[in-house]
Amino acid sequence: MQKIIILDFGSQTTQLIGRRVRELDTFCEILPYNKFYTVEADLQSGSVIGVILSGSPYSVHDPEAFKVDLSQFVGRVPVLGICYGAQYISHTLGGKVEKADSREYGRAHLETVDTTNPLFRGFNQHSQVWMSHGDTITAIPEGFQVIGSTKDVKNAAFCSLNSNLAKGIYAVQFHPEVFHTEQGKTLLHNFVVDICGSRQEWSAASFVDTTVQELKEQLGDDRVLLGLSGGVDSSVAAVLLNRAIGDRLTCIFVDHGMLRKNEFLQVMDDYKGLGLNVIGVDASDKFFADLAGVSDPEQKRKIIGRDFIEVFNAEAKKIVNSTSSNSKCRWLAQGTIYPDRIESLNITGKVIKSHHNVGGLPKEMHLQLCEPLKWLFKDEVRRVGRQLGMPEHLITRHPFPGPGLAVRILGDITREKVRVLQEADDIYIRGLREYKVKLSGEEARKVLAAGVPADMKDGTIEVSLYDQIWQAGAILLSTVRSVGVMGDERTYENPVALRAVTSSDAMTADWAHLPYDFMARVSNEIINKVRGVNRVCYDISSKPPATIEWE
């Protein structure tokens, strides 16, 4: 299979480069800058068709700057350097990189563009780009030519002279992967498709066909265990495995009592409708008992994680011990996706944090790990879900924390507090789904690019607020009380905070600008219908400096 290798030098937008390449129906793999040697066999076989060097927080002159041996791939496949990648190419091959008079950050315009160059084919003059660097390239290496300049950056883009497409070197000091670079997708298409020669064979349909066949070969007649969360990742993984091995997949869905209103029953019905073999376990009594009196957020997370493992293990042991010798349960499946794996390693290859959906299984179970979605980004997972015919409300479900509403309740956890928050959250989420808005231009394009099903009519689409938002939820401020008046009587009850953010990957997020009439309607309904709440606030913090969840 053809693939582009993206070498990560620590840029915050490296994952975004990967997603943009995948949007071109081309497989890519993100590697730490010092791990290129791991794909030497793929390079020799011809499956690696190009290399992209990412940006970096470092200057090429820093003693700690990340360095790579360019001879591993230069002259063998096309190379594209982005920001630090461009500066590193210039610095290494004899050009000059110096500190800029001022940090070049934000929007800029290409004032001269060589549209005859294959990298800029189809480009407009004066195209907007996004800069983000403190150094600048003041001289390019011998044997290179400038192909793009801005008012302040002469060497904004350059390439090797007289090189054939299969071995050319291209470099840009701006970021084509970010939204603010207007023709960034055109540039990446030119590099990946026209220069590297991608056949654009990577698609949801091809992924399903290939993965189902690989799962059949990998799993044989074995049985597989999967812990479901109700989220899109584990749900798509389950449906994909079910297509490969049928009822030899057993799923376990644990209810810790802190899901959204009626969610356990609704999700169980959805899973049964999909033909999945699912065991539902109501373990809420255990979780509430163990959480009694605990208010520290980290301690709450640890207790819920520990209890989940204990409950899951108890159910897993029953399944493992009950299977026959002809069809043993030898595999644990997880909905791990590609960003989880990337974030689990820093660019030196050291583990930062684990993203395992289920951890701590007893060693005596001897279960091997099966991760059918490990190469997919979140938007690709949703496309695969649609390819598998899954219901849209499961595919577009917002991310939801594993500890559930426990980390959306400040202070200790009780059934009554969960009831109050479930009612408020239900009104809020239902309102987001019901409120429709019309979008056009870039707003419509972004929503459609995310895979939201909508029909374009007269240049506009109509979608729900829910589909425009990455994640939303209500938070019960149970450690705070405020005075209110209801029916001429004084109340002294808790406030609820509403949270809604827009994002592409949850690494950064902006607060969503919800319509005032929607916010007024939801606020009134929560205060009037939810006993125990007399005030509603809206969180207008972005990430960073805040986080999406409150705890």
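This one's a predicted model, so the numbers in the text were calculated from it and none came from an experiment. Numbers here simply count residues along the sequence, with the first being 1. The figures here come from the full heavy-atom set of this structure, side chains too, leaving out hydrogens, waters and symmetry mates.
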Using atom types as modelled and distance alone, determine if a side-chain donor or acceptor of [X] lies under 3.5 Å from a backbone N or O of [Y].
X	Y	value
Asn242	Ala238	no
Gln422	Leu259	yes
Ser206	Ser203	yes
Arg22	Glu380	no
Arg499	Ala474	no
Tyr88	Val68	yes
Glu315	Phe312	no
Ser45	Asp42	yes
Asp255	Asp282	no
Gln200	Val193	no

Under 3.5 Å, is there a donor on one side chain and an acceptor on the other for [X] and [Y]?
X	Y	value
Ser11	Ser54	no
Asp8	Thr14	yes
Thr13	Glu177	yes
Glu549	Gln471	yes
Ser56	Tyr33	no

Problem - Chi angles and distances behind the salt bridge (charged side-chain N to carboxylate O under 4.0 Å, His left out) call for Glu40, Arg76 - result: CA-CA 11 Å; Glu40 175 61 29; Arg76 303 173 73 183; 2.9 Å; yes
Heavy atoms, side chains only, cut-off 4.5 Å: are [X] and [Y] in contact?
X	Y	answer
Tyr37	Lys35	yes
Cys329	Arg248	no
Pro399	Trp470	yes
Asn313	Ile309	yes
Leu373	Val236	yes
Leu291	Gln299	no
Leu119	Val172	yes
Cys196	Val77	no

About how many Å separate [atom2] of [Y] and [atom1] of [X], when rounded to the nearest 0.5 Å?
X	Y	atom1	atom2	answer
Leu228	Asp270	CG	CG	11.5 Å
Leu31	Leu7	CG	CG	6.5 Å
Asp222	Gln368	CG	CD	7.5 Å
Arg20	Ile4	CZ	CD1	16.0 Å
Met258	Phe400	CE	CZ	10.0 Å
Leu80	Leu188	CG	CG	7.0 Å

Exercise for the section: Step through the shown structure and confirm whether more than 12 heavy atoms of other residues, nucleotides or ligands are within 6.0 Å of NZ on Lys286. Expected result: yes
Problem - Whether over 12 other heavy atoms sit under 6.0 Å from Lys67 NZ - result: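 Buried by this count: over 12 neighbours within 6.0 Å.
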Is it true that [X] and [Y] make a salt bridge, defined as a side-chain N closer than 4.0 Å to a carboxylate O?
X	Y	result
Arg330	Asp221	no
Lys3	Glu29	yes
Asp510	Lys543	no
Arg386	Glu392	yes
Lys300	Asp412	no
Asp379	Arg19	yes
Glu551	Arg301	no

Handout entry: Check against side-chain contact (heavy atoms from CB on, under 4.5 Å), Leu394 and Leu274
Key = CA-CA 11 Å; Leu394 270 180; Leu274 290 168; 3.9 Å; yes
Should the ring pair [X] and [Y] be called parallel, tilted or perpendicular, given that the plane angle runs from 0 to 90° and is split at 30 and 60?
X	Y	value
Tyr84	Phe9	tilted
Trp202	Phe207	perpendicular
Trp375	Tyr338	tilted

Problem - Pair Phe308 and Phe287, ring centroids less than 6.0 Å apart - result: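 That pair fails the under 6.0 Å test.
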Practice task
Using the ring-ring contact (aromatic ring centres under 6.0 Å, His included) rule, take Phe288 and His256 through it: C-alpha gap first, then chi angles, then the decisive distance, then the call.
Solution key: CA-CA 8 Å; Phe288 279 112; His256 50 37; 8.8 Å; no
Which heavy atom of [X] sits nearest to which heavy atom of [Y], and what is that distance?
X	Y	result
Asn277	Asp247	ND2-O, 4.0 Å
Gly473	Asp425	CA-OD1, 3.7 Å
Asp233	Lys378	OD2-NZ, 2.9 Å
Gly85	Leu53	CA-CB, 3.8 Å
Thr26	Ser198	OG1-OG, 2.7 Å
Val278	Phe253	CG1-CB, 4.2 Å

Exercise for the section: Run the numbers on Lys436 and Asp467 for salt bridge (charged side-chain N to carboxylate O under 4.0 Å, His left out), then give the verdict. Expected result: CA-CA 10 Å; Lys436 305 295 183 181; Asp467 287 333; 5.9 Å; no
Exercise for the section: Carefully, step by step, assess Arg408 and Leu405 under the rule side-chain contact (heavy atoms from CB on, under 4.5 Å). Expected result: CA-CA 5 Å; Arg408 293 182 179 177; Leu405 299 180; 4.3 Å; yes
Handout entry: Audit row: Val381, Ile395, side-chain contact (heavy atoms from CB on, under 4.5 Å) steps and yes/no
Key = CA-CA 8 Å; Val381 173; Ile395 296 170; over 6 Å; no
Practice task
Go through Val281 and Ile252 one step at a time and tell me if the side-chain contact (heavy atoms from CB on, under 4.5 Å) criterion holds.
Solution key: CA-CA 7 Å; Val281 183; Ile252 299 175; 4.2 Å; yes
